[in-house]
Q: 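If you scroll down you'll find the structure; I have some questions about it.
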Number of protein chains: 2
Amino acid sequence: MKTKDLIRETAIRLFNEKGTAAVSTDHIAEACGISPGNLYYHFDSKEDILRAIFERLFALWDAAFDLPAGHQPQLEDVQALVRKNFEIMWAYRFVYRELPALLCREAELKERYVAVRQRGFDGFGQLFAQFAAAGILARAETPQSVTDLAELCWLISEFWLSSVEVSGQAVNALAMERGVNLMMQIVRPYRAA
Amino acid sequence: MKTKDLIRETAIRLFNEKGTAAVSTDHIAEACGISPGNLYYHFDSKEDILRAIFERLFALWDAAFDLPAGHQPQLEDVQALVRKNFEIMWAYRFVYRELPALLCREAELKERYVAVRQRGFDGFGQLFAQFAAAGILARAETPQSVTDLAELCWLISEFWLSSVEVSGQAVNALAMERGVNLMMQIVRPYRAA
DNA sequence: GTCTATATCGCGATAGAC
DNA sequence: GTCTATCGCGATATAGAC
């Protein structure tokens, strides 16, 4: 692996384990087996490393939300999407853990994050609109209730991991599956009989 | 106000504004108009201040979740409860913003938090069980689905504020009301006709 | 209880040799 | 690209006078 990539991946690992505040650039360099100076050859600052990590995350999102066009999506596609999202969340769990705090102090990063997230959220909403149009959510009476459903599902999918952590439960495959099922529970009453 | 209380309340204000990481004990002391040394006379450490803040939060929770006994609760009581919870969340929003990260590095605090949260969550679940027993949630077919409903509502109520912040929207009374409505949307299909 | 002064430490970041 | 050495700063926390 190239040094620059090694630094980024090591930083992700350490941030996940101890949080961004507790991990210094020296720690990252040491864990990489390189000198602190070398780290600063590849990145301008700790914040710069963070930005690089976020860009990787954005790329993963784009890949996950790039649904195959041309076929009528089913509710099972939402399940798959959310499962995929949980995998990404797990790999970058420090981001979700610290997200409001991180964005709170890095205005530029926040702007970029909000824009990328909005793109994903819009696509997610359109998916639900397609369901409604295809009669899959026949019992949702108004367009507003379909939008609300999408927003609720998104919220669960975005914060389920944090919720599990905060409740003191173990974060494992079982917990992730419970999240998916719980989310589908919201949709169930609206499905066509 | 007593100096100790002043320190705690000022810390809450500054933490809410800039996050715990960006606020030093010196900043807190300066904002209080006292010396750094004086602050350390009242608290052993920054973490000690944090613990005191958490204990206040726990007390507020206990007060909010102490429902009047002896009358059959209605779904409107859940609305009121969640609104009250949003008020508390807003007053201590830094806690919610940084929660997973804070608990991640303070094991002792995490244990205490998990226990207190569990108490509130159990009471919330019992509330829903009472609804089911009273026929208010007549369309929920299994006890499991009632439990799931409670868990979903709890999750919304715990992370709505973070969700609004992360989406880039303004956190105001309107956003809070939207959260309550969205949460009630989950319950609606299960209500007796 | 409150102050001033200060010890100690670790972090982010840079300089300059190789 | 990588190293060693180091600067400057701000943070937590303490000592001792008042």
Side-chain angles (χ1 to χ4, degrees), chain A residues 1-56 94-95 97-98 101-110, chain B residues 1-56 94-95 97-98 101-110:
Chain A
M1 190 157 24
K2 290 178 62 179
T3 303
K4 186 155 184 168
D5 297 331
L6 176 66
I7 293 171
R8 194 191 52 236
E9 295 307 311
T10 305
I12 293 174
R13 182 170 58 81
L14 293 180
F15 288 165
N16 278 336
E17 285 168 10
K18 315 184 195 205
T20 52
V23 176
S24 70
T25 50
D26 272 22
H27 292 146
I28 299 171
E30 195 189 350
C32 288
I34 65 170
S35 68
N38 193 4
L39 183 146
Y40 276 91
Y41 171 80
H42 291 284
F43 291 95
D44 290 340
S45 65
K46 187 175 170 179
E47 201 193 317
D48 193 26
I49 300 177
L50 206 61
R51 268 196 298 269
I53 294 175
F54 267 77
E55 288 306 326
R56 293 284 287 190
F94 87 90
V95 171
R97 271 206 291 257
E98 307 184 24
L102 286 175
L103 300 187
C104 201
R105 66 170 181 270
E106 318 258 1
E108 199 183 320
L109 194 60
K110 170 157 189 174
Chain B
M1 192 162 16
K2 291 178 63 181
T3 303
K4 186 155 183 168
D5 297 332
L6 176 65
I7 295 170
R8 193 192 52 236
E9 296 307 312
T10 304
I12 293 173
R13 182 169 59 81
L14 294 180
F15 288 165
N16 278 337
E17 286 168 9
K18 313 183 196 205
T20 52
V23 175
S24 69
T25 51
D26 272 22
H27 293 145
I28 299 171
E30 195 188 353
C32 288
I34 64 170
S35 67
N38 193 4
L39 184 146
Y40 276 90
Y41 170 80
H42 291 284
F43 291 95
D44 290 341
S45 63
K46 187 175 170 179
E47 200 193 318
D48 193 27
I49 301 177
L50 205 61
R51 269 196 298 269
I53 294 176
F54 267 78
E55 288 307 324
R56 293 284 286 190
F94 86 90
V95 172
R97 270 205 292 256
E98 306 184 23
L102 286 174
L103 300 186
C104 200
R105 65 170 182 269
E106 319 258 2
E108 199 182 320
L109 193 60
K110 170 157 189 174

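Every chain is numbered from 1, with letters handed out A, B, ... down the list of sequences.
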Q: Can you name the side chain to side chain contact (heavy atoms under 4.5 Å, CB included) partners of B:C104, sequence neighbours left out?
A: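 A:R97.
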
Q: Listed in order of residue number, which residues of residues 39-53 of chain B have a non-hydrogen atom at under 4.0 Å from DNA chain D?
A: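 Contacting residues: B:Y40, B:S45, B:K46.
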
Q: Please name the pair of heavy atoms, one in A:C32 and one in A:I7, separated by the smallest distance, quoted to 0.1 Å.
A: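 That closest heavy-atom pairing would be SG-CA, 3.8 Å.
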
Q: Going from OG1 on B:T25 to CD on B:E30, what distance comes out if it is rounded to the nearest 0.5 angstrom?
A: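 Those atoms lie 11.5 Å apart.
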
Q: Quick one: A:I34 CD1 to D:dT4 C1', roughly how many Å, whole number?
A: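 Whole-Å distance recorded here is 14 Å.
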
Q: Which pair of heavy atoms, one from A:D26 and one from A:P36, lies closest together, and at what distance?
A: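 Closest heavy-atom pair between A:D26 and A:P36: OD1-CB, 3.6 Å.
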
Q: Please list, in numerical order, the residues of residues 9-27 of chain B that have a heavy atom closer than 4.0 Å to any atom of DNA chain C.
A: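 Residues of residues 9-27 of chain B that come under 4.0 Å of DNA chain C do not exist, since none gets that close.
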
Q: Does anything in residues 8-41 of chain B pair up under ring pair (Phe, Tyr, Trp, His ring centres under 6.0 Å), and if so which pairs, sequence neighbours excluded?
A: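 Qualifying pairs, neighbours excluded: B:F15-B:F94.
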
Q: List, one per line, each side-chain donor-acceptor pair under 3.5 Å for residues 46-56 of chain A, sequence neighbours excluded.
A:
{"from": "A:K46", "atom 1": "NZ", "to": "A:T20", "atom 2": "O", "distance (Å)": "2.9"}
{"from": "A:K46", "atom 1": "NZ", "to": "A:V23", "atom 2": "O", "distance (Å)": "2.8"}
{"from": "A:E47", "atom 1": "OE2", "to": "A:R51", "atom 2": "NH1", "distance (Å)": "3.0"}
{"from": "A:D48", "atom 1": "OD2", "to": "A:D44", "atom 2": "N", "distance (Å)": "3.0"}
{"from": "A:E55", "atom 1": "OE1", "to": "A:R112", "atom 2": "NH2", "distance (Å)": "2.9"}
{"from": "A:E55", "atom 1": "OE2", "to": "A:R112", "atom 2": "NE", "distance (Å)": "2.7"}

Q: Tell me whether A:K18 at atom NZ has more than 12 heavy atoms from other residues, nucleotides or ligands lying less than 6.0 Å away.
A: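 Open: at most 12 neighbouring heavy atoms sit under 6.0 Å from NZ of A:K18.
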
Q: For B:H42 versus B:K4, what's the shortest heavy-atom pair and its separation?
A: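 Heavy atoms only, the tightest pair is O-NZ, 3.6 Å.
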
Q: Quick check for you: name the first and last nucleotides of DNA chain C, 5' to 3', having an atom under 4.0 Å from a heavy atom of chain B.
A: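 Using the under 4.0 Å cut-off, the span is C:dG1 to C:dT4.
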
Q: B:D5: which residues meet the salt bridge (charged side-chain N to carboxylate O under 4.0 Å, His left out) condition with it, sequence neighbours left out?
A: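 By the salt bridge (charged side-chain N to carboxylate O under 4.0 Å, His left out) rule, B:D5 matches B:R8.
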
Q: Which residues pass the salt bridge (charged side-chain N to carboxylate O under 4.0 Å, His left out) test with B:E17, not counting sequence neighbours?
A: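 Checked B:E17 against salt bridge (charged side-chain N to carboxylate O under 4.0 Å, His left out); matches are B:R13.
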
